[in-house]
Structures are given as C-alpha cells and as structure tokens.
Amino acid sequence: MTKHIFVTGGVVSSLGKGLTAASLGRLLKSRGLRVTMQKLDPYLNVDPGTMNPFEHGEVYVTDDGGETDLDLGHYERFIDESLTRASNATTGSIYASVIAAERRGDYLGKTVQVIPHITDEIKSRISALATEDIDVVITEVGGTVGDIEILPFLEAIRQFRLDVGRNNVCYVHVTLVPFIGPAGELKTKPTQHSVTELRSRGIAPDVIVSRSDRPIPDALTKKISNLCDVPLEGVINAADASSLYEIPLTMHEAGLDSYVGEILGMDLAPADLSPWKALVERVDATWKPLKVGVVGKYVSLPDAYLSVAESLRHAAFKHEADIEIEWIKAEEIQGMMVKEKLGHLDAIVLPGGFGERGVEGKIAAATFARENNIPCLGLCLGMQVMVIEYARNVLQMVGAHSSEFDCEDHATPFPVIDLMDTQKNVTEKGGTMRLGAYVAKLAEGSQVAALYDDNVVSERHRHRYEFNSKYQAKFEEAGLQCSGISPDGRLVEFIELSDHPYWIGTQAHPELKSRPDRPAPLFDGLVEAALRQSPVSEGAEIIDLAAAESHDQVA
C-alpha cells in the first residue's frame with residue numbers, strides 16, 4: 001500500500017517546508033522508493049496563473065499545462081520526476097469542485113459543509129496520487145499552523161490517517177528555533193507553541209524539523225523531544241546551509257530518512273547518495289568568476305525568476321563557475337544608462353513576462369548584447385523582444401513591435417509578434433494560452449540542435465503571442481535563423497544568430513526542466529559561451545594554476 005508523508009509548518013512562513021519535503025523525497029528515492037509529491041495551497045485562487053509575480057513568485061508550469069506553485073519546481077529538481085497539475089491543489093480549486101458537484105446534484109440534496117464535503121475533496125486529491133506505481137506520496141500543506149485558511153487541510157490529513165491506517169502515514173512538522181541576540185540564546189518556545197497548536201487540531205507530529213541559523217546544541221534537542229513528545233531521533237536540526245543542495249545530505253546525516261522509514265514500517269535499502277554528493281562537491285569547487293545579468297520586470301522579487309536563477313546555477317556547477325547573478329530592472333535600461341548597467345556583464349538573460357512595462361529596456365539590452373558580442377539568452381517574452389530588436393535595427397522596420405502592446409491610438413505597422421489567426425477570435429484570454437509541453441523540430445547544423453544533441457525536442461510553454469511567421473523569410477534573409485519550428489511548420493520556437501558567440505531565443509521556458517546535475521541545454525550553452533568570452537575567467541584560471549603549482553612545489 002502507498003505510504004503518505006504530510007509536511008506542515010509552524011511559527012512563520014518561508015521556513016523551508018518545500019525544501020524539507022523535496023529533500024526527504026530525494027532521500028527516499030535514493031533508497032529505491034518510487035516517490036511523487038504534492039502541494040496543498042490555502043489561497044482562494046483556483047491556481048497561481050493569474051497572480052502577480054510580486055505577490056507569489058514564479059508560476060511553475062508542468063508538462064500537462066498545469067499552472068502551479070513554485071515549490072513544484074523544487075520537487076522536480078530534487079526528485080528528478082516530472083509532476084502534473086494533480087500535484088497542486090488550492091482552496092479555490094477544491095471549493096470550485098465541490099460547488100460544481102452541488103450544482104449538478106451529486107450530493108442528492110444534502111447540506112454541503114466543510115466537513116465532510118470539503119475535507120473529502122481534499123482527501124480525494126491526495127489519494128489520486130497514490131497509484132500502483134508509487135510507493136510514497138509526500139504532501140506539503142502550505143501556510144502556517146494557526147492560520148484560519150489551512151484548518152480544512154489539517155482536518156483532512158488528520159482524518160486521512162484513520163482512513164488508510166496509522167502505519168501508512170507520517171507527519172513531519174517544520175518549526176523555527178530562533179536565536180535571540182541580546183540573550184545570546186536559541187529559544188525553543190516557538191516550537192513548543194507550534195506543536196501545541198498542531199496537537200490541538202488532532203495531529204501529533206512524528207518528526208520535528210527544527211530550522212535555525214546555527215546548529216542546535218544537544219541539550220536543546222533533548223528539550224524539544226521531551227516537551228513536544230517526539231522521540232529524540234525524530235527531532236532533526238536543519239541549520240542554514242551554504243547551498244540548498246546540501247540539505248538532503250544534512251538531513252540524511254541526521255537520520256531523517258531512516259526514522260521516517262521506521263515510522264512507516266518500511267524496510268529501506270541503503271541510500272545511494274553518491275551522485276548527489278558529487279553534485280555538492282562541484283558546487284563547493286566553483287571558482288571561475290562569472291557575472292550574468294537578468295534583465296526583467298519583477299527583479300525586486302527574485303523568486304519571480306526562481307527557475308531561471310536555479311538553471312543558471314546548474315550550468316555554473318557543471319562548468320565550475322562562481323556565478324554572480326545581477327538583477328537588473330528593465331525600466332532602468334535606457335539611453336546612456338545601457339552601457340553602465342550592462343557593460344561589465346559576461347552574459348545576459350532576458351526572461352519571460354506579461355505586459356508592456358520594461359519592454360523597451362529589454363529591447364535595449366538585446367541590442368547591446370548583439371552589437372557587443374555578449375552571450376544572450378531570451379526566454380518567451382525575451383525571445384519576442386529579440387525579434388522586435390532585430391526587426392527595428394537590422395531590417396529597418398521602424399515601429400516594429402508586438403501586437404500585445406498595441407492600442408487604439410497607436411498600432412504597430414510591423415506586428416512581428418502577434419496572435420495566430422486561430423487565436424484572434426477567442427474572447428477569453430485563457431483560451432489563447434499555450435501551456436505545457438510542446439515539441440519543436442530543430443534545424444540541422446544549428447546551434448540549438450548541437451546544444452540539445454537532437455533534432456526533436458520538447459519544452460514547456462506559457463504564453464499567448466507568437467513570432468509572426470509571415471515575416472520569417474525576411475528575418476532569415478537578413479541572417480536571423482529560425483532554428484526551431486513546430487512540427488506543423490506554423491510556429492517559430494527558436495531563433496539564433498550564427499555569426500554571434502551566443503544570441504539565442506526560445507518561445508519556451510527551458511528553465512522549467514533544468515536539473516542540478518543535468519542543466520538545461522540553453523543555459524549550459526550560455527554559461528559555456530560566457531566563459532569562452534570572459535577574459536576575467538581566463539585570468540582567474542592562470543592565477544589559480546600558478547597557485548596550484550606553487551603549492552605543489554612547497555609540498
């Protein structure tokens with residue numbers, strides 16, 4: 001029977017429940033188990049697709065087109081499994097399902113209530129992932145114990161243990177052990193209160209993961225164990241780590257996976273963490289300095305580009321680069337400011353987004369990268385601004401733009417980015433979105449084909465507007481290759497300049513499929529090109545080798 005692990009959080013938000021859950025998933029998978037994961041979010045939005053990135057961070061997209069919480073990105077990167085829209089459920093989606101069922105008459109006239117109807121729907125979402133080919137389902141409950149919004153979720157997971165059997169459920173509670181500066185002490189009281197609150201909802205945690213900014217002394221661990229009624233081996237300290245990829249190793253050393261296996265009555269195989277240890281060693285060995293600018297609209301909240309940042313780091317791990325990401329507001333790139341903002345960078349990323357704000361700054365960044373041979377990668381809207389830039393400055397299409405930004409007073413004479421004809425009559429914007437995985441055919445001999453080492457690839461999408469194919473011939477005559485096309489030949493998916501070190505754009509979001517030990521090909525290529533171009537990196541390598549030789553002579 002499939003086992004279930006529920007991860008809750010207390011005291012404050014942003015403690016790292018998602019990373020705790022993802023790390024545990026990685027550990028269990030390393031012990032031979034088939035693992036899947038799920039996030040239950042307490043907000044009333046049906047999904048995060050319409051939420052402001054400043055409010056919620058990035059929208060993570062699954063292969064089947066689900067617009068989900070960014071924690072699913074952590075899950076996929078850590079357990080290296082592709083999840084689906086079923087791995088994210090919100091209060092809004094659950095209530096929508098229950099109300100729709102009531103309207104259909106499914107409840108046969110009964111009074112519809114939070115218990116049992118809402119809680120039953122929550123449990124059905126959890127059970128749906130427990131298929132025959134899954135050994136363990138890890139479910140993270142968003143929010144913090146004590147929030148009114150998560151009460152139905154807590155009641156549902158409390159009931160779930162009764163439904164499937166005590167030995168088939170493990171509760172993991174993540175809490176904060178803060179350091180109080182004036183007192184010079186770590187304090188366990190917030191953890192005690194959080195566990196008391198959780199127990200008042202009928203859930204006794206099996207494991208407490210105590211978050212702290214420094215290691216917790218054994219005496220405090222024993223105190224938490226005694227006062228929270230959790231065995232000593234069930235109290236796991238997760239102190240701040242220099243890299244999030246160290247967390248699984250830290251938790252394994254603390255015995256988290258072994259103890260969870262005991263709670264669930266599972267005879268676990270020895271953990272094979274050698275690939276993950278090799279990854280962490282590469283993370284620690286990075287030394288080639290590299291500055292990459294991310295020119296975006298939402299850079300004041302880096303979580304809005306979380307997968308982009310992680311993809312850059314994945315590629316940096318592979319190439320032993322000590323990457324520094326500079327978050328650059330697109331609105332600030334104009335006129336004389338362009339060189340000041342971008343001139344010192346080794347590479348530029350133009351990420352996705354919606355709306356006109358900052359677009360001209362992104363276009364200026366694309367121009368600067370093209371004219372100064374700076375490696376540049378455009379993603380979704382980023383590719384679109386590269387197309388607009390090339391149209392204006394190379395093809396001399398004055399006023400070229402995207403019809404997304406047209407208004408009644410000013411319509412572009414050259415809509416090089418436009419809706420497809422089949423989309424223009426759709427009144428609901430959601431109906432025109434391309435969401436999820438789409439296949440593209442790559443041109444023989446192109447840079448992107450070499451990077452993917454394949455001529456047919458699949459990447460995830462989240463956008464409405466497309467490269468206007470009626471201009472394709474003009475672009476290619478002027479040197480911009482449309483190097484990736486949809487199988488039916490209608491949609492341009494990749495563009496590139498063959499006479500540039502790296503000026504590549506894609507309509508997709510390849511960052512969503514990047515893995516720590518297997519970087520997304522386009523990010524891999526960007527970092528490699530940046531290192532080739534960077535004289536700083538070459539100088540650093542010479543100095544490093546000289547130091548190594550000196551060390552050898554002393555030895």
Side-chain angles (χ1 to χ4, degrees), residues 18-19 22 25-26 36-39 41 47-51 53 56-88 244-245 292 294 296-298 301-318 325 349-354 377-384 433-440 442 448 451-452 454 456-464 484 486 491 493-494 504-527:
L19 287 170
R26 181 72 198 192
T36 193
M37 302 188 68
Q38 180 180 48
K39 176 75 181 288
D41 273 310
D47 61 45
T50 58
M51 295 173 72
H56 189 72
E58 79 172 358
V59 175
Y60 194 80
V61 180
T62 55
D63 280 337
D64 63 349
E67 294 179 285
T68 72
D69 183 81
L70 58 78
D71 271 324
L72 266 71
H74 288 312
Y75 302 164
E76 287 199 351
R77 287 187 284 270
F78 274 63
I79 69 172
D80 198 11
E81 299 286 347
S82 293
L83 303 178
T84 69
R85 63 174 71 243
S87 286
N88 195 194
L244 59 89
Y245 298 107
V292 179
V294 177
K297 302 169 59 173
Y298 319 114
L301 181 68
D303 270 2
Y305 302 113
L306 179 61
S307 291
V308 171
E310 288 307 308
S311 298
L312 285 168
R313 294 186 181 107
H314 299 165
F317 299 159
K318 176 179 175 181
I325 300 175
V349 177
L350 304 173
F354 293 88
L377 174 61
L379 309 169
C380 197
L381 178 62
M383 184 200 92
Q384 295 175 6
M433 288 278 277
R434 263 213 291 162
L435 285 168
Y438 285 85
V439 172
L442 306 183
V448 291
L451 289 168
Y452 280 94
D454 204 342
V456 179
V457 299
S458 173
E459 293 287 9
R460 299 176 190 176
H461 291 244
R462 182 176 181 254
H463 60 94
R464 183 171 297 113
S486 61
L491 304 174
E493 303 281 27
F494 295 83
I504 292 176
T506 176
Q507 188 64 80
H509 287 277
E511 68 271 19
L512 301 178
K513 294 176 71 173
S514 186
R515 300 290 182 261
D517 55 353
R518 197 171 61 256
L522 296 189
F523 285 86
D524 185 4
L526 178 74
V527 168

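What you see below is based on every heavy atom in this structure, not just the backbone, and it leaves out hydrogens, waters and symmetry mates.
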Could you pull out the closest heavy-atom pair between Cys380 and Gly352, with the gap in Å?
CB-CA, 4.1 Å
So Tyr245 and His314, side-chain contact (heavy atoms from CB on, under 4.5 Å) or not? Walk me through it.
CA-CA 11 Å; Tyr245 298 107; His314 299 165; 2.8 Å; yes
Run the ring-ring contact (aromatic ring centres under 6.0 Å, His included) test against His56 and tell me which residues pass, sequence neighbours left out.
Tyr43
Between Tyr298 (side chain only) and Tyr305 (backbone N and O only), is there a donor and an acceptor less than 3.5 Å apart?
no
Asn88 side-chain N/O to Lys39 backbone N/O, donor-acceptor pair under 3.5 Å
yes
Between Leu379 and Thr506, is the side-chain contact (heavy atoms from CB on, under 4.5 Å) condition met? List the steps.
CA-CA 5 Å; Leu379 309 169; Thr506 176; 4.0 Å; yes
Only counting residues at least two apart or in another chain, list the ones meeting ring-ring contact (aromatic ring centres under 6.0 Å, His included) with Phe494.
Tyr452
In terms of heavy-atom contacts, Leu451 and Pro521 come closest through O-CB, 3.6 Å
Atom pair NE2/CG of His463 and Leu435 - distance to nearest 0.5 Å
8.5 Å
For the pair Lys297 (side chain) and Pro351 (backbone), establish whether a donor and an acceptor sit closer than 3.5 Å, ignoring hydrogens and angles.
no
Looking at residues at least two apart in the chain, or sitting in another chain, which of them share a ring-ring contact (aromatic ring centres under 6.0 Å, His included) with His509?
none
For the pair Thr62 (side chain) and Ser82 (backbone), establish whether a donor and an acceptor sit closer than 3.5 Å, ignoring hydrogens and angles.
no
Would you say the side chain of Thr36 lies within less than 4.5 Å of the side chain of Glu81, judging by non-hydrogen atoms?
no
Check Pro53 against Ala304 and note the closest heavy-atom contact, atom names and distance.
CB-CB, 4.0 Å
Salt bridge (Lys or Arg N to Asp or Glu O under 4.0 Å) filter on Asp64, not counting sequence neighbours, yields Arg85
Report yes if the side chains of Leu312 and Val294 come closer than 4.5 Å at any heavy-atom pair, otherwise no.
yes
CG of Leu512 to OG of Ser311: how many Å apart, nearest 0.5 Å?
7.5 Å
Atom pair CD/CG of Gln507 and Leu381 - distance to nearest 0.5 Å:
9.0 Å
Which atoms form the tightest heavy-atom contact between Val448 and Leu442, and what is the distance?
O-CD1, 3.8 Å
Do you know the tightest heavy-atom contact between Pro516 and Arg77?
CD-O, 3.3 Å
Are the side chains of Phe523 and Val308 in contact, using a 4.5 Å heavy-atom criterion?
yes
Taking all atoms of both residues into account, what is the closest heavy-atom pair of Pro510 and Leu522, and its distance?
CG-CD1, 4.1 Å
Can you find a heavy atom in the side chain of Val457 that is under 4.5 Å from one in the side chain of Glu493?
no
Applying salt bridge (Lys or Arg N to Asp or Glu O under 4.0 Å), name anything that partners Arg313, two or more places apart in sequence or on another chain.
Glu310
Looking only at the side chains, is there a donor atom on one of His74 and Tyr60 sitting less than 3.5 Å from an acceptor on the other?
no
Is the closest side-chain donor-acceptor distance between Glu58 and Ser307 under 3.5 Å?
yes
Heavy-atom side-chain proximity of Arg518 to Lys318 below 4.5 angstrom
no
Please round to the nearest 0.5 Å and tell me the distance separating atom CG of Asp63 and atom OH of Tyr438.
12.0 Å
Quick one: list whatever passes salt bridge (Lys or Arg N to Asp or Glu O under 4.0 Å) with Glu76, sequence neighbours left out.
Arg460, Arg515
Could you tell me whether the side chain of Met37 reaches within less than 4.5 Å of the side chain of Ile79, counting heavy atoms only?
yes
Is there side-chain contact between Gln38 and Leu83, with heavy atoms separated by less than 4.5 Å?
no
Do Leu19 and Phe78 come close enough that some side-chain heavy atom pair is under 4.5 Å?
yes
